[in-house]
Q: 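Below: one structure in structure tokens.
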Number of protein chains: 2
Amino acid sequence: MKRVTLEEVARVAGVSRATASRVVNGASSVDESLRHAVQRAISSTGYLPNIAARSLVTRRADAIGLLLPDERRMDGDPHLASVVSGVTRVVRPLGVHLVLMMTGPGTREQAMSDLRCGRLDGVILVHTDPADPVPGQLIAAGLPVVLAGRPLEPMPITYVDVNQTAGAALAARRLKSLQCNRIATITGPQDTPAGQDRLAGFLAEVPDAVVVHGDFTRQSGMAAMERLIRCCPDVDGVFIASDLMANGAIPVLHRSGRKVPDDVAVVGFDDSSAALTSEPELTTVRQPITDMAAEMARQLLRQITEPRSPAVSVVFEPSLVVRDSG
Amino acid sequence: MKRVTLEEVARVAGVSRATASRVVNGASSVDESLRHAVQRAISSTGYLPNIAARSLVTRRADAIGLLLPDERRMDGDPHLASVVSGVTRVVRPLGVHLVLMMTGPGTREQAMSDLRCGRLDGVILVHTDPADPVPGQLIAAGLPVVLAGRPLEPMPITYVDVNQTAGAALAARRLKSLQCNRIATITGPQDTPAGQDRLAGFLAEVPDAVVVHGDFTRQSGMAAMERLIRCCPDVDGVFIASDLMANGAIPVLHRSGRKVPDDVAVVGFDDSSAALTSEPELTTVRQPITDMAAEMARQLLRQITEPRSPAVSVVFEPSLVVRDSG
DNA sequence: GGTGAGCGTGAGAGCGCTCTCCCAATCCTG
DNA sequence: CAGGATTGGGAGAGCGCTCTCACGCTCACC
């Protein structure tokens with residue numbers, strides 16, 4: 001089982017290596033008969049182009065990186081599979097590899113050098129720490145990068161996000177339509193755009209809502225709900241800024257003797273798997289994660305093929321998924 | 001920002017390209033002073049080796065693939081992040097890339113050609129369909145491959161698994177120690193090794209257990225539990241072969257007026273996130289997923305560096321995580 | 001019939017790296 | 001101190017591919 005090269009294919013087809021290469025790469029200007037000869041030679045020899053050799057001359061790796069937060073932070077995030085799936089859908093038909101990198105010591109630097117030494121053509125950054133300097137560095141270096149979610153500080157970087165504000169408004173209107181009188185919200189961390197926007201969007205609809213802070217984790221959801229029913233026992237509708245927090249909060253409600261949704265209506269955000277494992281199943285705001293991931297991939301590929309193309313932001317509209325909790 | 005090559009480094013350091021290469025690759029036989037000169041040259045020029053060029057001559061891609069089932073099947077699988085994390089931990093320090101491939105039309109063939117054309121050095125196969133011919137083909141071609149989980153048919157292939165039988169026995173003993181008299185189990189699909197072994201291991205300890213079949217999904221957990229309480233209303237202890245099924249089953253128990261764990265003790269399997277989002281939190285059998293993934297990566301790397309090394313199986317011992325459900 | 005445009009093809013120069021020689025310098029041993 | 005053994009470094013040949021360039025051919029037009 002020896003490797004078969006383009007040279008070999010050319011020999012078998014009776015053409016030059018250049019012509020064989022043209023056929024492999026689908027160049028148009030090749031005579032039909034020669035094209036067929038080459039194609040026959042390819043299948044008869046079982047030829048597969050050596051990517052390293054190609055990559056060496058084209059200076060393209062045909063691989064992109066997906067930079068993820070590490071397991072701990074990912075833990076709560078049910079989206080990984082959806083993100084991977086969305087990116088894959090766009091990227092695979094083009095033969096581009098998806099390289100996964102979990103944040104750990106030195107990962108981001110690693111990704112930078114992979115990018116610079118041509119091992120990666122671009123990266124998608126997920127859940128970036130607002131203080132992280134990497135996105136800025138990448139942009140400054142003119143390297144293709146796409147962010148999942150709006151950056152905290154405005155910067156000329158391409159990102160894909162869901163309309164968080166609109167999503168929170170959807171939740172607010174649902175609660176109002178349920179005739180809730182005493183409405184509260186458990187927020188996400190206020191140092192993240194998602195946390196901020198979900199609160200702002202909600203308050204825009206329900207200005208007098210009771211606000212209790214959380215940080216998107218289950219734990220914080222439990223704690224926040226305990227505080228909420230203590231400070232505001234007559235609450236009858238609550239928007240919880242992530243399903244995971246809602247998942248922690250609902251048992252607290254139950255233990256306090258309140259029924260969901262009869263006594264207290266609950267609306268979550270994310271439509272993650274936590275929405276289905278809650279009891280009752282969560283009414284929640286859905287983000288089209290897979291589509292968003294696909295769009296990130298598309299944006300990244302565009303940047304790769306058209307360097308220095310302008311930064312854009314693509315914002316998807318969320319939708320309300322009505323289940324049993326509110 | 002032009003690319004700096006080894007040639008350039010050699011020039012700056014005043015040595016030959018060969019020597020510079022030796023330093024980059026950590027060859028021992030280089031004079032200290034020259035080594036330092038080269039290292040200075042590397043950092044002053046900001047040199048990064050071009051992986052494609054290296055790969056072309058070494059015939060190593062320094063990348064491995066992780067072949068996953070598609071999103072639908074993955075959906076229930078809470079392990080993805082843990083698997084990725086475990087593999088990453090082993091692989092990154094070596095500068096090896098982790099390429100994610102979700103099964104879709106043509107993925108497996110794609111992976112095969114990536115392997116053959118030297119774009120991937122090896123693959124880890126997760127949740128392979130028992131009928132899938134790919135593992136066999138890979139083995140036949142002498143390509144490095146590691147399976148997550150024992151293959152259904154015995155074959156000379158390296159795999160890493162948890163001792164499913166022992167795990168089920170752990171659950172059984174827990175239920176017995178709780179003085180349960182009427183013990184049942186909800187199984188996984190019986191055409192998978194995991195499904196088979198968990199049932200067998202359980203029956204070995206509780207031969208007279210009531211057996212109801214499921215397929216690892218939440219839905220099936222609900223349905224199975226409904227059947228169970230109908231056919232066996234006095235059940236007071238049940239081993240459910242996956243946390244996800246347990247997560248679907250517990251609300252059924254609640255709705256039937258049974259309290260968990262007071263009326264019915266429940267033990268799950270996996271220690272996935274579904275165990276924590278259940279109410280009450282699940283007592284379950286834990287598999288050390290991250291460690292197992294790391295071991296898979298190690299085994300794969302060994303096969304890559306030592307081709308034709310014998311197939312081995314590594315089996316991890318599970319442990320019981322006692323929480324509130326049983 | 002001469003000229004020029006247009007097109008398909010082949011020759012060949014690299015892309016940046018590793019690695020095998022081979023030579024020179026140093027070391028040990030008798 | 002001669003001889004061989006050992007060691008470090010350099011020259012250079014590729015790895016397999018793409019892509020530019022120039023060549024030869026056909027065709028149209030004046």
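None of these values were measured; they are calculated from a predicted model. Naming convention: chains lettered A, B, ... in sequence-line order (proteins, then strands); numbering from 1 in each chain. Hydrogens, waters and symmetry mates are skipped; everything else that's a heavy atom, side chains included, is used.
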Q: Report yes if at least one side-chain N or O of A:S21 is closer than 4.0 Å to OP1 or OP2 of D:dT18; otherwise report no.
A: yes
Q: Rounding to a whole Å, what distance do you find between A:L56:CG and C:dG16:P?
A: 7 Å
Q: Polar atoms only, N or O, under 3.5 Å: list the protein pairs with nucleotides 9-14 of chain C and their distances.
A:
residue : atom : partner : partner atom : Å
C:dT9   : OP2  : A:D31   : N            : 2.9
C:dG10  : OP2  : A:S16   : N            : 3.1
C:dG10  : OP2  : A:S16   : OG           : 3.1
C:dG10  : OP2  : A:T19   : OG1          : 2.6
C:dG10  : N7   : A:R22   : NH2          : 2.8
C:dA13  : N6   : A:R17   : NH2          : 3.0

Q: Hey, is A:R22 close enough to A:D31 for a salt bridge, meaning N to O under 4.0 Å?
A: no
Q: Send over the distance from B:R54 CZ to C:dC15 P, rounded to a whole Å.
A: 19 Å
Q: Does B:R302 form a side-chain hydrogen bond (donor to acceptor under 3.5 Å, both in side chains) with B:S309? I'd like the steps, not just the answer.
A: CA-CA 8 Å; B:R302 188 180 54 80; B:S309 57; 3.0 Å; yes
Q: What integer distance in Å separates A:D62:CG from D:dT18:P?
A: 11 Å
Q: Please assess B:L115 against B:Q110 for the test side chain to side chain contact (heavy atoms under 4.5 Å, CB included), listing each intermediate value before the final yes or no.
A: CA-CA 9 Å; B:L115 231 30; B:Q110 170 77 26; over 6 Å; no
Q: Looking at A:R3, does any N or O in its side chain come under 4.0 Å of the phosphate oxygens OP1/OP2 on D:dC15?
A: no
Q: Return no unless some side-chain N or O of A:N50 is found under 4.0 Å from OP1 or OP2 of D:dC15.
A: no
Q: If I take atom CD in residue B:E32 and atom P in nucleotide D:dG9, what distance separates them, rounded to the nearest angstrom?
A: 10 Å
Q: Below the 4.0 Å mark, does D:dT18 have OP1 or OP2 next to a side-chain nitrogen or oxygen of A:R59?
A: no
Q: Hey, mind stepping through A:Q303 and A:Q299 against side-chain hydrogen bond (donor to acceptor under 3.5 Å, both in side chains) and telling me if it holds?
A: CA-CA 6 Å; A:Q303 278 189 55; A:Q299 289 294 339; 5.7 Å; no
Q: Whole angstrom is fine here: how far is it from CG in B:L6 over to P in C:dC15?
A: 14 Å
Q: How long is the gap from OG on B:S85 to CG on A:L100, to the nearest 0.5 Å?
A: 10.5 Å
Q: Rounded to whole angstrom units, what separation is found between the CD1 atom of A:I51 and the P atom of C:dG16?
A: 19 Å
Q: Starting from the C-alpha separation in whole Å, work towards a yes-or-no answer on side chain to side chain contact (heavy atoms under 4.5 Å, CB included) for A:T192 and A:L152.
A: CA-CA 7 Å; A:T192 64; A:L152 194 59; 5.8 Å; no
Q: Report the C-alpha distance between A:D114 and B:H97 in whole Å, list the side-chain angles of each, state the deciding distance to 0.1 Å, and finish with yes or no for side chain to side chain contact (heavy atoms under 4.5 Å, CB included).
A: CA-CA 10 Å; A:D114 279 343; B:H97 271 178; 2.7 Å; yes
Q: I need the CZ-P distance between B:R11 and D:dG10, as an integer number of Å.
A: 15 Å
Q: Between D:dG16 atom C1' and A:E8 atom CD, what is the distance in whole Å?
A: 13 Å
